Asks: 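One structure is given below, represented as structure tokens, and several questions about it will come after.
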Amino acid sequence: MKARTIALLSDALARAVADGLLVTATYPLGATLATPRERSHGDLASNLALVLAKSEKKSPRDVAAILAARLPKPGGDIEQIEVAGPGFLNITLSSGFWYRQLAAFDVDPALGIKQADPGRRVQVEFVSANPTGPLTVGHGRNAVLGDSVARVLEAVGHAVEREYYFNNAGRQMKVLGASVEARYREARGRESAFPEDGYQGAYITEIGRQLAEKHGDELLEGVHSAFRDAAEVAIFADIRTTLDRLAIGFDQYFNEDTLYSSGAVEQTLKDLESLGLVERREGAVWLLGERVGLAKDRVLVKSSGEPAYRLPDIAYHRNKIARGYDEIVDVLGADHIDESREVRAALLALGHPADIVRPVIYQFVTLTRHGEQVKMSTRRAEYVTLDDLVEEVGVDAVRFFFLSRKSDTHLEFDLELAKKQSTDNPVYYVQYAHARISNLNARLKVEGVLPPEEGVSASDLSVLVEPEELELIKSLVAYPQIVAGAAAELEPHRVVFYLHELAATLHRFYNEHRLLGDEQAARLRARLVLLRVVQRVLRHGLGLLGVGAPERM
RNA sequence: GCGCCCGUGGCUCAAUUGGAUAGAGCAUCAGACUUCGGAUCUGAGGGUUGCUGGUUCGAGUCCAGCCGGGCGCACCA
């Protein structure tokens with residue numbers, strides 16, 4: 001419809017030029033045709049006259065009037081065209097158009113969502129927590145965000161691979177092993193030197209205790225990798241369990257270590273060096289900031305001879321690019337923004353198409369309870385893990401709440417609100433809309449009323465004349481654009497806001513119009529089609545968020 | 001000090017990426033059906049979008065400078 005309307009506007013412009021009233025022959029790039037947020041502004045609004053005003057040296061309203069006079073007379077899908085405000089052309093579509101849309105949605109498994117053609121191969125890398133401890137609430141936002149971005153991309157026809165990148169070799173893991181060893185010794189009643197910067201969580205004590213149980217005193221003598229290995233296995237199992245609960249899975253787990261064994265890290269360093277982007281000084285190897293567009297020089301290899309984290313990270317991204325993805329999404333906490341920039345700069349310097357790497361940055365999460373902030377300290381054992389959070393408020397609330405803010409803003413997670421089984425809680429509000437329709441269908445079925453078979457005609461739907469009904473139809477028809485926008489901008493929160501609004505529109509309709517006992521059979525049938533599509537959209541949207549759509553609550 | 005992100009009713013957040021009279025929810029107040037589950041709905045009050053300039057037909061959105069908050073500025077990952 002948009003394309004058709006633009007063609008009409010373009011025609012009107014050409015005719016105005018032919019009539020000698022306007023001089024701009026080509027349809028301007030800056031002109032948009034959008035759905036106004038204000039309902040009284042019609043269904044489509046063009047700013048064409050506003051954009052042309054300057055070059056035409058006429059007032060926007062005059063330009064709009066000239067164009068309006070050359071648009072086709074209302075009829076067919078267009079019911080009304082008017083000049084409004086500073087010079088907008090507001091177009092109202094006929095109800096017949098909307099009935100046809102609804103009828104089409106009813107038989108379209110894709111609910112109007114266009115499939116990208118050709119679809120792209122997209123990799124989404126997320127979570128990527130090293131196995132040093134249970135996932136935190138912060139990882140939770142990462143996990144849910146990454147998974148939902150992947151779902152949205154899949155919904156518009158891209159082939160998505162989910163990847164988890166981890167490092168089980170570095171200093172962190174050594175400290176982890178030493179921490180476990182100390183706990184093991186304690187469990188065997190021996191002296192132990194707990195590392196100064198060791199991991200203090202209770203889960204470490206537990207792993208140490210289990211090793212003591214299994215091996216007795218066997219591990220007291222000598223140097224063992226068993227501590228580190230046991231910790232890794234136990235912690236990874238724990239992480240996977242948590243992710244499973246959240247219905248999050250991965251296609252690949254990528255171990256940083258393979259970048260060393262394959263020589264990729266070394267090769268990356270060589271390549272940077274041969275491009276003259278590297279300098280050796282103070283015993284370390286530096287990436288020259290100026291040469292790659294960064295403010296400062298950055299260490300690639302420490303004076304100890306170990307690569308700093310960013311070198312393997314650059315190698316990792318080269319590896320990803322070499323795998324041929326059309327697009328690479330990195331879900332990162334705000335504290336990794338600079339790192340992401342450094343990698344990007346290095347990739348560009350190495351001649352890679354760094355633009356296909358798209359970081360999704362999220363800000364930190366705070367938990368509140370009764371308006372008070374819940375303290376989370378990783379150093380001490382008093383943090384709330386992601387698992388604790390899921391345990392307390394449930395999977396649906398965790399996922400919905402994490403997605404209900406634009407990722408790049410701080411997120412305040414209200415524990416009490418998330419647990420409430422009432423209208424205040426947006427998860428329940430949306431889920432209830434879905435369950436309500438199920439319940440209604442069940443009640444009607446008892447009365448012997450069943451929804452019509454699929455394939456009703458637009459004219460069958462023309463009994464839907466109430467404002468609440470047309471509002472629902474328009475809201476449904478907007479859904480594909482919401483999904484497309486969420487996919488293009490990697491912003492699942494748009495789906496959350498849309499669903500809340502759709503649910504509100506449904507509740508309004510539901511409250512105003514009673515279906516049970518309606519004697520007008522044709523109207524009842526049409527309404528059941530409408531509700532069927534509403535329910536499908538709710539279910540689909542919740543699916544993009546990974547949130548359940550219950551039949552009953 | 002430098003860089004990045006953010007400042008929107010009392011609170012938590014949106015705003016179709018530069019569009020029209022800045023919208024929701026919570027909270028407050030006032031109401032609705034002899035409940036297709038009231039886990040719902042209607043209405044009201046509440047705003048100089050941190051401040052000051054600038055860009056243009058038009059700014060919450062863009063540019064500059066301040067004020068305030070967060071993150072980063074390791075040879076930690």
Side-chain angles (χ1 to χ4, degrees), chain A residues 30 32 34-38 40-41 45 47 49-54 58-61 63 84-88 90 128-130 132 166-167 170-173 175 197 256 282-286 294-296 298-310 312-313 333-339 341 361 363-364 368 371 404-406 408-414 417 420-426 428-429 431-433 435-437 439-444 446-447 449 478 481-482 485 489 493-494 496-497 500-501 503-504 506-518 552-553:
Chain A
T32 57
T35 311
R37 38 184 171 211
E38 184 76 24
S40 64
H41 294 153
N47 64 351
L50 295 150
V51 174
L52 289 174
K54 186 166 193 184
K58 286 183 168 35
S59 86
R61 279 198 74 103
V63 178
F88 285 96
N90 287 345
S128 296
N130 289 337
T132 57
F166 70 98
N167 163 8
R171 201 193 71 92
Q172 279 185 8
M173 293 302 291
V175 174
D197 52 352
E256 181 186 317
E282 300 154 38
V285 182
W286 299 75
L294 292 171
K296 289 184 178 177
R298 298 279 142 172
V299 167
L300 291 171
V301 182
K302 302 184 245 177
S303 54
S304 66
E306 283 176 288
Y309 64 89
R310 62 177 69 81
D313 210 358
D335 53 339
H336 289 252
I337 297 178
D338 284 346
E339 177 191 351
R341 263 186 256 276
I361 306 291
Q363 299 286 340
F364 294 119
T368 62
S404 62
R405 303 281 177 264
K406 193 162 54 181
D408 201 20
T409 63
H410 289 272
L411 187 150
E412 193 169 302
F413 197 115
D414 186 333
L417 177 62
K420 257 192 208 168
Q421 310 214 347
S422 78
T423 171
D424 308 356
N425 186 340
Y428 279 86
Y429 186 80
Q431 290 184 320
Y432 179 49
R436 239 182 169 178
I437 296 173
N439 187 63
L440 174 61
N441 280 323
R443 291 289 301 262
L444 284 165
V446 172
E447 310 279 322
V449 181
Q481 296 163 42
I482 299 295
E489 302 299 325
H493 77 276
R494 296 178 184 219
V496 173
F497 282 92
H500 195 271
E501 200 176 307
L506 174 82
H507 289 313
R508 222 172 292 138
F509 164 81
Y510 195 89
N511 215 261
E512 193 68 28
H513 304 288
R514 219 180 166 71
L515 275 75
L516 203 60
D518 189 349
R552 227 181 298 144
M553 299 174 65

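Hydrogens, waters and symmetry mates are skipped; everything else that's a heavy atom, side chains included, is used. All values derive from a computational prediction rather than experimental measurement. Proteins get letters first, then strands, A, B, ... in listed order; numbering begins at 1 in each.
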Asks: Which nucleotide, rA20(B), rC4(B), rG72(B), lies nearest any side-chain atom of R341(A)?
Replies: rC4(B)
Asks: Atom NZ of K406(A) to atom P of rC5(B): distance rounded to whole Å?
Replies: 12 Å
Asks: Measuring only between side-chain heavy atoms, which start at C-beta, is Q172(A) closer than 4.5 Å to V175(A)?
Replies: no
Asks: Think K58(A) has a side-chain N or O under 4.0 angstrom from the OP1 or OP2 of rC57(B)?
Replies: no
Asks: Verify the stacking flag for F88(A) against rA20(B): centroid separation must be under 5.5 angstrom and the ring planes must differ by under 30 degrees.
Replies: yes
Asks: Quantified in whole Å, what is the C1' atom distance between nucleotide rG18(B) and nucleotide rC75(B)?
Replies: 46 Å
Asks: Would you say the side chain of R494(A) lies within less than 4.5 Å of the side chain of E489(A), judging by non-hydrogen atoms?
Replies: yes
Asks: Give the rounded distance in Å between these two atoms: CZ of F509(A) and P of rU42(B).
Replies: 14 Å
Asks: Between rU12(B), rC71(B), rC75(B), which nucleotide has the shortest distance from any of its atoms to the side chain of E412(A)?
Replies: rU12(B)
Asks: Side chain of R436(A) only, heavy atoms from C-beta on: which candidate in rA20(B), rA27(B), rG38(B) is closest?
Replies: rG38(B)
Asks: Please pick, from rU12(B), rU40(B), rU16(B), the nucleotide with the shortest atom-to-atom distance to any side-chain atom of R405(A).
Replies: rU12(B)
Asks: Taking the side chain of D335(A) as its heavy atoms from C-beta onward, which of rG72(B), rU16(B), rC57(B) lies nearest to it?
Replies: rG72(B)
Asks: Could you tell me whether the phosphate oxygens of rA14(B), OP1 or OP2, come under 4.0 Å of any side-chain nitrogen or oxygen in T409(A)?
Replies: yes
Asks: Ignoring the backbone of N511(A), work out which of rG25(B), rA20(B), rA32(B) is nearest its side chain.
Replies: rA32(B)
Asks: R171(A) has a side chain; which of rU40(B), rC76(B), rG72(B) sits nearest to it?
Replies: rC76(B)
Asks: Heavy-atom nearest nucleotide on RNA chain B for H493(A) versus G283(A): which residue maps closer to 5'?
Replies: H493(A)
Asks: How many Å lie between CG on D424(A) and P on rC26(B), as a whole number?
Replies: 6 Å
Asks: Looking only at side-chain N and O atoms, does Y428(A) come under 4.0 Å of OP1 or OP2 in rG25(B)?
Replies: no
Asks: Using the side-chain heavy atoms of V299(A), tell me which of these nucleotides is nearest: rG19(B), rC75(B), rU40(B).
Replies: rC75(B)
Asks: Is A478(A) touching bases, backbone alone, or none of the nucleic acid, heavy atoms closer than 4.0 Å?
Replies: nothing
Asks: If the C1' atom of rA15(B) is compared with that of rC33(B), how far apart are they to the nearest Å?
Replies: 34 Å
Asks: Say we look at rG65(B) and rC57(B): how far apart would their C1' atoms be, to the nearest angstrom?
Replies: 27 Å
Asks: When the P atoms of rG7(B) and rU61(B) are considered, how many whole Å apart are they?
Replies: 10 Å
Asks: Check this one for me: any side-chain N or O of K302(A) less than 4.0 Å away from OP1 or OP2 of rC76(B)?
Replies: yes
Asks: Is there side-chain contact between L515(A) and V449(A), with heavy atoms separated by less than 4.5 Å?
Replies: no
Asks: Please give me the minimum heavy-atom distance between H507(A) and R436(A), naming the atom from each residue.
Replies: ND1-NH1, 3.1 Å
Asks: Write down the distance between OH (Y309(A)) and C1' (rG72(B)), rounded to a whole number of angstrom.
Replies: 10 Å
Asks: Expressed in whole Å, how much space separates the C1' atoms belonging to rU28(B) and rG9(B)?
Replies: 13 Å
Asks: Do the non-hydrogen side-chain atoms of R310(A) and L300(A) ever get within less than 4.5 Å of each other?
Replies: yes
Asks: Could you tell me how far apart N425(A) (CG) and rU40(B) (P) are, to the nearest whole angstrom?
Replies: 10 Å
Asks: If the C1' atom of rA20(B) is compared with that of rG58(B), how far apart are they to the nearest Å?
Replies: 9 Å
Asks: Under 5.5 Å between ring centres and under 30° between planes: does that hold for Y510(A) against the base of rC36(B)?
Replies: yes
Asks: Measure from CZ on R298(A) to P on rC76(B) and round the result to the nearest Å.
Replies: 13 Å
Asks: As a test of reading the structure: which of rC75(B), rC41(B), rG38(B) is closest to the side chain of E282(A), going by heavy atoms?
Replies: rC75(B)
Asks: Does a distance-only test, which skips hydrogens and angles, find a donor-acceptor pair under 3.5 Å between the side chain of N90(A) and the base of rA20(B)?
Replies: yes
Asks: F497(A) side chain: which of rG72(B), rA20(B), rC13(B) is closest?
Replies: rC13(B)
Asks: May H500(A) be described as stacking on the base of rA24(B), applying a 5.5 Å centroid limit and a 30° limit on plane angle?
Replies: no
Asks: Are more than 12 heavy atoms from other residues, nucleotides or ligands located less than 6.0 Å from atom CD of E501(A)?
Replies: no
Asks: Looking only at atom P, what distance separates rU42(B) and rG25(B), rounded to whole Å?
Replies: 8 Å
Asks: Respond yes when some side-chain nitrogen or oxygen of K296(A) is under 4.0 Å from OP1 or OP2 of rG72(B), and no when none is.
Replies: no
Asks: Parallel, tilted or perpendicular: which fits the ring planes of H513(A) and F509(A), with parallel below 30° and perpendicular above 60°?
Replies: tilted
Asks: Sticking with atom P, work out how far rG72(B) lies from rA77(B), rounded to a whole angstrom.
Replies: 16 Å
Asks: What is the distance from CZ of F413(A) to C1' of rC13(B), rounded to the nearest Å?
Replies: 15 Å
Asks: Under 4.0 Å between a side-chain N or O of R37(A) and OP1 or OP2 of rA20(B)?
Replies: yes
